[in-house]
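Some notes on the structure that comes next.
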Amino acid sequence: MADSAFSPLDRNGMAERAARDIPEGWMVNLGIGIPTHIADFVPIDREVIFHAENGVIGVGPAPSPDQVNRFLINASTTHVTLRTGGSFVHHADSFAIARGGHLDLCVLGAFEVAENGDIANWARSADEPVKQVGGAMDLAIGAKRLWVVMEHTTKDGEPRLRRRCTYPLTAKSVVKRIYTNLAVIDVTPCGFVVLDMIPGLTLEALQTRTEAKLFMEAPR
Amino acid sequence: MADSAFSPLDRNGMAERAARDIPEGWMVNLGIGIPTHIADFVPIDREVIFHAENGVIGVGPAPSPDQVNRFLINASTTHVTLRTGGSFVHHADSFAIARGGHLDLCVLGAFEVAENGDIANWARSADEPVKQVGGAMDLAIGAKRLWVVMEHTTKDGEPRLRRRCTYPLTAKSVVKRIYTNLAVIDVTPCGFVVLDMIPGLTLEALQTRTEAKLFMEAPR
Amino acid sequence: MIDKFVHSMTDAMAGIADGSTVLLGGFGDVGIPTPLLNGLIDQGARDLTIVVVAGGRDGSAIERLLSLGRVRRMVCSFVRPASLAGRLLQRGELEVEIVPQGTMAERMRAAGAGITGFYTPTGADTLLADGRETREIGGRLCLLEYPLPGDVALIEAWCADRWGNLTYRDSARNFNPVMAMAANLTIAVTRNVVALGEITPETVVTPGIFVNRVLHVPA
Amino acid sequence: MIDKFVHSMTDAMAGIADGSTVLLGGFGDVGIPTPLLNGLIDQGARDLTIVVVAGGRDGSAIERLLSLGRVRRMVCSFVRPASLAGRLLQRGELEVEIVPQGTMAERMRAAGAGITGFYTPTGADTLLADGRETREIGGRLCLLEYPLPGDVALIEAWCADRWGNLTYRDSARNFNPVMAMAANLTIAVTRNVVALGEITPETVVTPGIFVNRVLHVPA
């Protein structure tokens, strides 16, 4: 891959790109990792209600060090603030929100996403003795829309956008959109449709980094 | 039935008799009808927490006419007060309390009780077009103890304490004790065991008014 | 800025379609969203399924909705034979599904919570179980119940803010918070309007995420 | 007079038997009933099953309970491989049941609510469903889940009164109210004690009926 006339987005760049697409009024859950940082790029006057599965509705920005409330954390166990209008619910009610279709959007990290919308984000092998499920399975099946933010390939250059996932699934046929460090890709009944690429990247170059077939709508 | 050397209890008498057996600290749901009046005979300094299935925990005495709060009713839709320490929950949580075994006692009215603990209290025939279930089925299967308060016989003198219920069941094998206008009767694995009778009534006279076999523990 | 307040009954009722399932809050005379029921009567939607604890008292807005022939089916926990609903039922002019009150609440809670079915001992040994799927769990016969979602919920609140956070007064809470989470379109009438933040985070009963529209009708 | 306050850790821990299932509140460092966990360690019950969101951080009371070999089985939503729980699991010295976090909360809620089983799409298409009963409902594959009751729940509250009515502070609410309703014996540690009635009826989060004992340990 000799093409290098482009600079992949860094973690903040990916978070910022995803943040751009979240409209005011949505109720949104952000998963651990890059997704959590999306909130930093939603301007405070664009009212997006962030839900944390530990029972916080209306998560606000990180507190300044002298304003930390040690009773107030998000699902990544990071100290947060609460927006005016926010509220607290218990865990069963919080997952009722997640599972019950009340989240307009959930954004998760992933190891792999398949062209049929399957997501794998919790275990690298079925034989792994130590499992880390957390709340991802509940969120993945429950939100109205599931987006994934992840690097386009592994550190070793292996594709993460797959024909079929090779890692154990978190949920089937749920991912609607993927934000990578290279592109924004919709998951449609026809497969992966590229919406946006970073400057300087060609569709051919993106395809070489992607296992499944990519499509692009004809420009109008 | 020529015996008449006894006076059956009236509704208040039955309620008062049942109230005597409710100890401090119990959480109790009282059904519509005579059971509701049991609360009137529990002294206010004996702290019994009355639950109403419309979401009231800690139902207090009836308000004086000038103190009616029109937002505060019990399950009979009668205006009540709330005891200090009381609280409100929504209907799903209220029935979680009822179904989940958190009531020490529920007292219901009934048409019939069988010697195996079956209760029939919601319909006089399976063909009745208009059905009145309410919350009785949830309460009957959920409370730690179910007591029934009812007249010993129908107005026509038909027995209500049956070998098997003739009316459609509310729940099976749940009644633990029956307070009638004539006696207090435990429902045990061996059948009906008389605990107490009104003065002047003989066991023979009580048996003539009861379809199922009555037992009495030998006096010590 | 999120603002769930609507400023007319027309806006509150917009889009309620014929054939909708409408969840109606309240128990006894308490917590009933009467202004919204009157709004629904004026709005005109018909062939409705209503879900409500009981068949409606004489002179109530529910009775009026029934009397206008707008309800095809009623899901409730009891009907008095002498009521209008009872008479319509006996004349075959109203379908009625009788559900134990706790099961009714739990089926709506399941709809709101993404639970696709549940087992309960309630009613399992009764004729309400006739012809239905049961299962013995832990030695008890249990009945399989399915969620009861609404297209619309009409509920009554005591206080509301512009995010749709709600509180309820005393026993007016009853079915209202459960129905709020169980419907696609939840419309609340509130007696009081407060600024965002005035309902403290620990005391919000229904978070605004469950509420689509709020109409202020002072007490 | 109902008075659920106990005045010593010995009284708080009385009767917790070997082999008990103990529900442990908290998420992250928040809402963990650490004084009660230390009390449980001193009390001596062993062969425990603990139900807790995660395997316990280094230096936590949960880690200490594990390190003392008092836990036979842990039900949780994740375990870090590098944690003590992760090492015990890999050495075969700890049984672990991994449950999706929402399913874990819902299974305890079911235990408290008398729901004897429920279906959820969560995990139905994953290897967590291997060998288990599934059912297609409304076109979605769902997994049958059973209640998760506790013999004991140890929870942390912010305010408590003598009836055992509780409130929680901020996100310290988390699993605590759910566990309170799911256990036979619910023991709360509270930071603050208030007179009966000071927690207003609309703002009680856990009604005292779910609480058996309260121990006051000031912050």
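Each chain gets a letter, A, B and so on, in the order the sequences are listed, and its residues count up from 1.
Looking only at side-chain heavy atoms (C-beta outward), B:F88 and D:V204 stay at 4.5 Å or farther from each other. For the pair B:R83 and D:W163, the minimum side-chain heavy-atom distance is below 4.5 Å. Inter-residue side-chain proximity for D:R162 and B:E47 is flagged as met; some heavy-atom pair is nearer than 4.5 Å.
At a 4.5 Å heavy-atom cutoff, B:V56 makes no contact with chain D through either its backbone or its side chain.
A distance of 3.5 Å separates CD1 of B:I49 from CD1 of D:I2, quoted to the nearest 0.5 Å. Remark: B:I97 CD1 to D:M181 CE distance equals 7.5 Å, nearest 0.5 Å. If you take CZ on D:R109 and CG on B:D93, they are separated by 6.5 Å, rounding to the nearest 0.5 Å.
Side chain of B:H102 to main chain of D:A113: no donor-acceptor pair is present (N/O by atom type, distance under 3.5 Å, no hydrogens or angles). For D:N165 (side chain) and B:S87 (main-chain N/O), no donor-acceptor pair under 3.5 Å exists by modelled atom type.
The residue among D:G197, D:P147, D:G112, D:P207 with the most heavy atom pairs within less than 4.5 Å of chain B is D:G112.
Taking a 6.0 Å sphere around NZ of B:K172, one finds it holds 12 or fewer heavy atoms contributed by other residues, nucleotides or ligands.
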